[in-house]
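Please read the structure below before turning to the comments.
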Amino acid sequence: MNRKNALAAGVAAALALGSVTMVATQSTAAPRPTAAAGASASQPGAGFRAMTADARREAIRTAGRNAAATARELGMGPDERLVAKDVLIDADGSRHVRYDRTYRGLPVIGGDLVVHLAEDGTITGSDLAHQGAVRIAGTTPKLTAADASAKAVKHARHVKKAKAGSKDSALVVYAVGKIPVLAYRSTVTGEGETGPTSREAVIVDATSGAALDQYELHQSVTGTGNGVTVGQVSIETTQTAGGYTLTDAAHGGTIVYDSYNSPQSNPRQNARSFSKTTNSWGSGTSSSRESAAVDASYGLAKTWDYYKDSFNRSGIRNDGRGARAYVHVDNSLVNAFYDDNCFCMYFGDGSSQNGNTPVTAVDVAGHEMSHGVTAATANLTYSGESGGLNEATSDIFGTMVEFYANNVGDPGDYYIGEKLNMSGGSLRRMDDPATDGRSLSCWNSGAGSVDVHLSSGIGNHFFYLAAEGTGAKTIGGRPHTGTTCNNDTFAGIGKDKAAAVWYRALTTYMTSTTNYAGARTATLQAAADLYGTNSQERYLVSKAWAAVSVGTALPDPGTPTPSPSTPTPSPTTPPSGNALTNGSFEQGTSGWTQSDDIITNSSLQPARDGSWYAWMMGYGADAIESLSQSNIAVPSTGTPKLTFWLKVSTQESGLIAYDTLKVKVNGSTLATYSNADASSGHVQKTVDLSAHKGQTVKLEFAGTEDTYLSTIFLLDGITIG
């Protein structure tokens, strides 16, 4: 959907627990070597070895000694250096080395990367925050440190009466956008949520002084909270000169705000921070506005800790940064939702239909935060079968967070939102989804056409069976049935192993368009990675999928393993009206092949519609880029044509074409645009495809830039019809 309308559309569905807007990520990682059968799931990080402090330090030192060779192999420039930061080791000995990057001795913000190596040291893949080499014109700034400090004070958002000295401003290379720039990182102090010495980091362009980024810096203390659903618990807060705020510096600066019943259309309209002179929060009843905030703060912290302890993941985006959460949204709202556009979570107060219980239970908080994890990894499109998988992922990890929290008043079970006092006892059940009369327990050919909160039942049911097996059980004091769609009976592999399989599948193999057949393939590969190709765990994962009508069970590991049979579900087809898939880029990279990090939602350039667009070229140096899509069925009737919106901005002058963007179909150039086509806004372009009527073709946008001065080509709204 159009991202401008994503929030409004997402909150419209009552009891949805999870409207979400996605952000795409890019990985070049190759499949990891397979672990030996029987590898323990108790090892942290879904298959990572536990290491002593000394072993970890030695592994980091080894990575440091190999840094120069690694940089060369990854194609980095002569002015770049890698600094080893952390190392994780899989059960099979393969390593995942996290590096920070410097450029001519300056730290590179957004230059971090992870390099994946086999046990013998061979590089098998890499994940880079900034793709390719870092290139900037020079390291001599136009602004002085004092100038940068003054600019930082002007741009500071989170502190008042701000101040910063030149000693608080340091040169860095800012590579979060597509084009790295020389910048200053300044620390600004002043009055704010943490008192008169609140601190904010501000990044400004070292040439123009424009603000590039800013975020608060916090310190945390422990307070006492009395929540509506979690009871009395410890929560992390921040001390100020006048008291305390609900800012959790121990978990990336996560902040809980009071929406003050702002409408769903603008849930931050009346928002204000929670602050008080004592560090005791809430009365445990919904009449206290602080009590719902306690629930949310506790649930989000437990979610963070679960991902950290289980998978060594540091926050939603694995960047150590917390998100904002808003309680008391709207009036009588029985819903909660996540919005990746603002990196926010929202929680309603409930209504008379659930005894006005705030929608802030632990599994709900885990559910919403997990939408962000999905957005930052597989980026599952929020429609069709991939949308059902998106919702199932949040239910799965929301449930795992509930087990992890081990809260005496809310023991772990496979019911979703059972603490919300709903008339049916819960929002959803994973052991028998169809018990609500609406959700799907078994896959069928229409699964992609129903609401994603109902098709999620297939993934939920699979996970329950994989974890617990079949047969009736009492878990967390509640009855669970464990029925199947094929009358099979089998044991489960345990919830921790099942979660490890799902997390590895989500983060390593699933993509934005993965459907249930693809999820089966991804989890079987993940189970092979973690426990071995012929392991009992992989076999039982296949049994659980067959039990929800997705594919067939693999042979027992004791017999030879033939090639896996083709799963029953069929792939999703492109939307009607456009022969292209994802021509607006609002589904991230889905459907496209790109030579670099081209498809983006960066605010540094404008999208014509929505938030996503393709940004080609703009390096100011010799470069080539390609963006393509294959297997496009050009209409066989009428006069087929390619239309798209193009914005060209350049540092070149005159009408000579120094930098070009060519439109190619099956390798033949049909149109060429250049720096001479510079425009103040997006201009619609049309290319006749009559010569390819009825054919299946490959469309490519090929960019070329010469040695001097940059030209940026922005593409959006591409259609073939």
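Start at 1 with the first residue, then count along the sequence.
Distance check: D112 CG to D100 CG gives 6.0 Å after rounding to the nearest 0.5 Å. Between the OH atom of Y673 and the OG atom of S679 there is a distance of 11.5 Å, given to the nearest 0.5 Å. With rounding to the nearest 0.5 angstrom, the OG atom of S262 is 10.0 Å from the CG atom of N331. Here S383 contributes atom OG and D451 contributes atom CG; the two are 11.0 Å apart, rounded to the nearest 0.5 Å. One finds the CD atom of E73 at 9.5 Å from the OG atom of S126 (value rounded to the nearest 0.5 Å). With rounding to the nearest 0.5 angstrom, the CE atom of M617 is 6.5 Å from the OG1 atom of T704.
Although no hydrogens or angles enter the test, the distance criterion places a donor-acceptor pair under 3.5 Å between the side chain of Q629 and the main chain of T581. The backbone N or O of V108 lies less than 3.5 Å from no partner atom in the side chain of H130, so there is not a single donor-acceptor pair. At distances below 3.5 Å, not a single donor-acceptor pair connects side-chain atoms of E625 with backbone N or O atoms of D596. Judged by distance alone, the side chain of W592 and the main-chain N or O of N582 form a donor-acceptor pair under 3.5 Å.
The closest side-chain donor-acceptor pair between Y503 and R313 falls under 3.5 angstrom. Between H367 and D395, the side chains place a donor N or O and an acceptor N or O closer than 3.5 Å (distance only, hydrogens not considered). Between the side chains of T600 and W612, not a single donor N or O lies within less than 3.5 Å of an accepting N or O. If you check the side chains of E705 and Y658, you find no donor sitting under 3.5 Å from an acceptor. Side-chain atoms of S626 and Q594 include no donor-acceptor pair closer than 3.5 Å. Under the 3.5 Å distance criterion, with hydrogens and angles disregarded, a donor-acceptor pair is assigned to the side chains of Y346 and R268.
Residues K664 and T672 have side chains not in contact (no heavy-atom distance under 4.5 Å, counting atoms from C-beta outward). Within the 4.5 Å cutoff, side-chain heavy atoms of K647 are placed close to those of P606. Using a 4.5 Å heavy-atom cutoff, the side chains of L642 and L699 are in contact. Contact of the S386 side chain with the T514 side chain is not registered, since no non-hydrogen atoms from C-beta on lie closer than 4.5 Å. L74 is listed as a side-chain neighbour of V115, based on a closest heavy-atom distance under 4.5 Å. Put simply, the side chain of L661 reaches to within 4.5 Å of the side chain of L715, judged on heavy atoms.
With ring centers used as reference points, F644 lies under 6.0 Å from F701. Checked against the 6.0 Å centroid criterion, the rings of Y613 and F585 do not qualify as a close aromatic pair.
Among residues at least two apart or in separate chains, side chain to side chain donor-acceptor pair (under 3.5 Å) pairs with a member in residues 688-697 are D688-S690, H692-Q695.
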* What do the steps show when you test T711 against T650 for side chain to side chain donor-acceptor pair (under 3.5 Å), and what is the final call? -> CA-CA 4 Å; T711 301; T650 185; 2.7 Å; yes

* Before giving the answer on salt bridge (charged side-chain N to carboxylate O under 4.0 Å, His left out), spell out for D213 and R321 the whole-Å C-alpha distance, their side-chain angles and the decisive distance to 0.1 Å. => CA-CA 13 Å; D213 198 3; R321 297 179 66 173; 3.7 Å; yes

* May I have the step-by-step check of side chain to side chain contact (heavy atoms under 4.5 Å, CB included) for E391 and Y382, ending in yes or no? => CA-CA 8 Å; E391 275 296 312; Y382 203 63; 2.7 Å; yes

* Begin from the C-alpha positions of D339 and R324 and carry the test salt bridge (charged side-chain N to carboxylate O under 4.0 Å, His left out) through to its verdict. => CA-CA 10 Å; D339 180 11; R324 290 172 287 170; over 6 Å; no

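Note on D340 versus R317: salt bridge recorded, some NZ/NE/NH1/NH2 to OD/OE distance being below 4.0 Å.
Screening T523, T507, T393 for a side-chain hydrogen bond (donor to acceptor under 3.5 Å, both in side chains) involving W502 leaves a single residue, T393. Each of R135, R101, R104 was scored for a salt bridge (charged side-chain N to carboxylate O under 4.0 Å, His left out) with D79, with one residue passing: R104.
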